Amino acid sequence: MEQEQWGSLQQDLLNTVGQNNYKAWIEPLRLTELADGVATFSVPTNFIGNYVSQNFGDLIIHQLTKAGEDVQRIHFRVGRAAANQNGAASPSIAPASAPKAATSRSTPTRAAALKDELPGAPLDTRFTFDSFVVGKPNELANAAARRVAEGGPVSFNPLFLYGGVGLGKTHLMHAIAWELQTQRPDLNVLYLSAEQFMYRFVQALRDRKMMDFKELFRSVDVLMVDDVQFIAGKDSTQEEFFHTFNALVDQNKQIIISADRAPGEIKDMEDRIRSRLQCGLVVDLHPTDYELRLGILQSKVDQYRGQYPDLQIADGVLEFLAHRISTNVRVLEGALTRLFAFASLVGREITMDLTQDCLSDVLRASERKISVEEIQRRVAEHYNIRLSDMIGPKRVRTFARPRQVAMFLCKQLTSRSLPEIGRRFGGRDHTTVMHGVRRIEELRSSDGQIAEDLELLRRALEA
């Protein structure tokens with residue numbers, strides 16, 4: 001097929017998908033090869049190829065088949081790699097499977113039409129189970145996600161993943177969707193953010209297409225909603241989400257949801273929705289520990305070896321980053337990306353000095369802010385006593401020694417003054433705090449158990 005013939009097919013696609021979708025997604029495509037049932041297109045970016053494959057792939061295959069071409073699937077390459085026959089091929093986008101003959105020529109249902117107008121969110125090709133680094137803080141979430149991704153009988157519904165920013169919720173959601181598309185292509189999987197769900201709902205109301213909206217969402221086999229906390233406080237959207245949720249559960253369809261906090265802690269969420277969200281498996285992605293952060297960095301370095309083959313990284317740099325940047329995996333990965341890019345531009349080895357110079361702002365922002373309350377809680381847990389006893393008036397050795405340890409750590413790890421620390425320990429005088437700090441300093445050099453306790457607690461607090 002000549003490029004001119006593809007141009008005429010583009011006009012048909014324009015009439016089908018509309019001006020906005022055509023300009024954004026179809027017009028950038030360039031047909032480069034048609035052989036062995038595969039139509040290969042050049043695209044400006046992987047993102048465009050991925051989006052077109054998921055949302056317009058079947059339609060393009062149908063148009064090519066209608067024009068007399070034997071096309072079973074389509075394939076995308078980034079434009080530069082496609083144009084350069086001698087260059088290395090860029091990573092390809094997951095191909096779109098050929099539609100069934102019976103459905104490719106049938107009149108689209110109202111739900112299918114709405115799906116074309118409002119496609120699901122594109123999936124990031126980087127976010128797969130293979131690239132997800134598993135450690136103790138996320139092993140349960142990973143196991144639950146893999147079980148759901150098998151596409152077998154629904155064993156827990158919904159699967160609710162929650163955790164702070166940059167802990168891997170979205171990565172696992174995308175990984176489930178990719179795995180389901182691979183293992184169970186017969187399933188209709190819809191992944192979108194809560195914001196997109198709300199946008200679809202509002203647009204359906206505006207265009208008077210609520211029946212289409214309901215038909216679309218009730219026809220999916222697996223519904224995945226990311227960041228569900230964003231519909232909190234939006235009464236009409238919550239109402240429709242509640243009915244959609246119930247309809248899918250009644251049909252034994254799988255629902256997977258993520259949020260930044262547990263269902264019971266989402267403010268302004270209706271009680272009946274909280275109750276439904278808690279009826280399945282609720283899994284917490286805990287903050288990363290040092291070992292998991294180091295594993296993530298080592299995995300990213302292996303990926304960067306292909307892009308920066310000549311760069312050397314000194315011993316201790318990854319350990320330093322894993323220790324210092326402890327709150328957010330995205331910040332950790334971004335810091336490593338910046339470090340590799342900077343070192344390649346200046347042509348230097350990645351040493352500790354270069355790391356501290358290049359990432360000075362990130363390291364400052366990531367400095368751990370430890371509170372007195374956190375120290376008190378950790379020490380009480382370590383010595384297996386109640387927090388109220390540690391900060392209370394009792395002077396028995398069982399409570400007094402942990403109290404002095406906590407005071408010592410408050411003096412070492414926070415910027416609080418002695419009088420302020422004393423107030424946090426049941427209103428004690430600053431001289432009491434000073435005595436406790438001095439006593440622990442003496443014991444640290446003579447009592448091996450105290451020294452070991454202090455080191456374990458310090459590491460746990462700074463992790």
Side-chain angles (χ1 to χ4, degrees), residues 1-79 82 92-123 125 177-178 180-182 185-192 196 200 203-204 207 209 212-213 215-217 219-221:
M1 173 178 284
E2 300 294 334
Q3 186 65 36
E4 290 76 16
Q5 292 176 285
W6 166 244
S8 65
L9 290 182
Q10 284 182 304
Q11 184 61 43
D12 295 334
L13 291 169
L14 169 62
N15 297 333
T16 303
V17 304
Q19 181 71 27
N20 290 338
N21 278 330
Y22 176 83
K23 281 284 185 186
W25 309 111
I26 305 300
E27 191 175 52
L29 303 182
R30 294 291 179 269
L31 182 63
T32 59
E33 187 180 358
L34 193 57
D36 300 325
V38 180
T40 301
F41 290 89
S42 169
V43 289
T45 65
N46 274 333
F47 176 81
I48 290 178
N50 188 40
Y51 192 92
V52 171
S53 176
Q54 293 179 58
N55 299 292
F56 304 111
D58 290 352
L59 179 60
I60 292 173
I61 291 173
H62 173 59
Q63 292 289 353
L64 290 170
T65 304
K66 193 169 145 184
E69 301 294 340
D70 180 20
V71 178
Q72 300 299 317
R73 61 189 181 94
I74 56 177
H75 185 73
F76 296 96
R77 286 199 183 97
V78 175
S92 59
I93 307 301
S97 300
K100 296 178 181 178
T103 59
S104 63
R105 291 176 174 80
S106 62
T107 302
T109 64
R110 290 180 300 166
L114 183 61
K115 189 174 180 180
D116 285 339
E117 293 172 14
L118 295 168
L123 300 176
T125 53
W178 281 122
L180 284 170
Q181 287 185 8
T182 303
D186 57 304
L187 295 180
N188 183 10
V189 180
L190 180 60
Y191 167 82
L192 74 170
Q196 288 170 315
R200 289 186 176 198
Q203 184 158 346
D207 297 340
K209 292 183 177 179
D212 292 346
F213 177 90
E215 183 180 346
L216 168 63
F217 277 91
S219 67
V220 301
D221 297 305

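The analysis underlying the following values was restricted to heavy atoms, covering all of them including side chains, and did not include hydrogens, waters or symmetry mates. Owing to the predicted nature of the structure, the values given are computational and were not obtained by experimental measurement.
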Open item on the list: Using 0.5 Å steps for rounding, measure from the OH atom of Tyr191 to the CG atom of Leu180.
Closed with: 13.5 Å
TODO: List the steps and the verdict of side chain to side chain contact (heavy atoms under 4.5 Å, CB included) for Leu64 and Leu9.
DONE: CA-CA 8 Å; Leu64 290 170; Leu9 290 182; 3.6 Å; yes
Open item on the list: Quick check: do Leu216 and Asp212 have side-chain heavy atoms less than 4.5 Å from each other?
Closed with: no
Open item on the list: Side chains of Asp12 and Lys66, heavy atoms from C-beta outward: is any pair under 4.5 Å?
Closed with: no
Open item on the list: With a sphere of 6.0 Å drawn around CG of Asp186, does it hold more than 12 non-hydrogen atoms of other residues, nucleotides or ligands?
Closed with: yes
Open item on the list: Check whether Ser53 reaches the backbone of Gly49 with its side chain - one donor and one acceptor, N or O, closer than 3.5 Å.
Closed with: no
Task: Validation row: Leu192, Phe217 side chains within 4.5 angstrom (heavy atoms) - done: yes
Open item on the list: What I'd like to find out is whether the side chain of Leu14 reaches to under 4.5 Å of the side chain of Ile26, using heavy atoms alone.
Closed with: no
Open item on the list: Keeping Thr40 on the side-chain end and Thr32 on the backbone end, is there a donor-acceptor pair under 3.5 Å?
Closed with: no
Open item on the list: Does any part of the side chain of Tyr22, heavy atoms only, come nearer than 4.5 Å to the side chain of Gln10, both counted from C-beta?
Closed with: yes
- [ ] Can you measure from CG (Leu34) to NE2 (His75) and round to the nearest 0.5 angstrom?
- [x] 13.5 Å
Task: Side-chain heavy-atom pair Asp221, Val189 within 4.5 angstrom cut-off - done: no
Open item on the list: If you compare all heavy atoms of Val71 against all heavy atoms of Ala39, which two are closest, and at what distance to 0.1 Å?
Closed with: CG1-CB, 4.1 Å
Open item on the list: Looking at every heavy atom in both Asp70 and Gln72, which two are closest together, and how far apart are they?
Closed with: OD1-NE2, 3.1 Å
Task: 4.5 Å side-chain heavy-atom contact, Val52 and Ile60 - done: yes
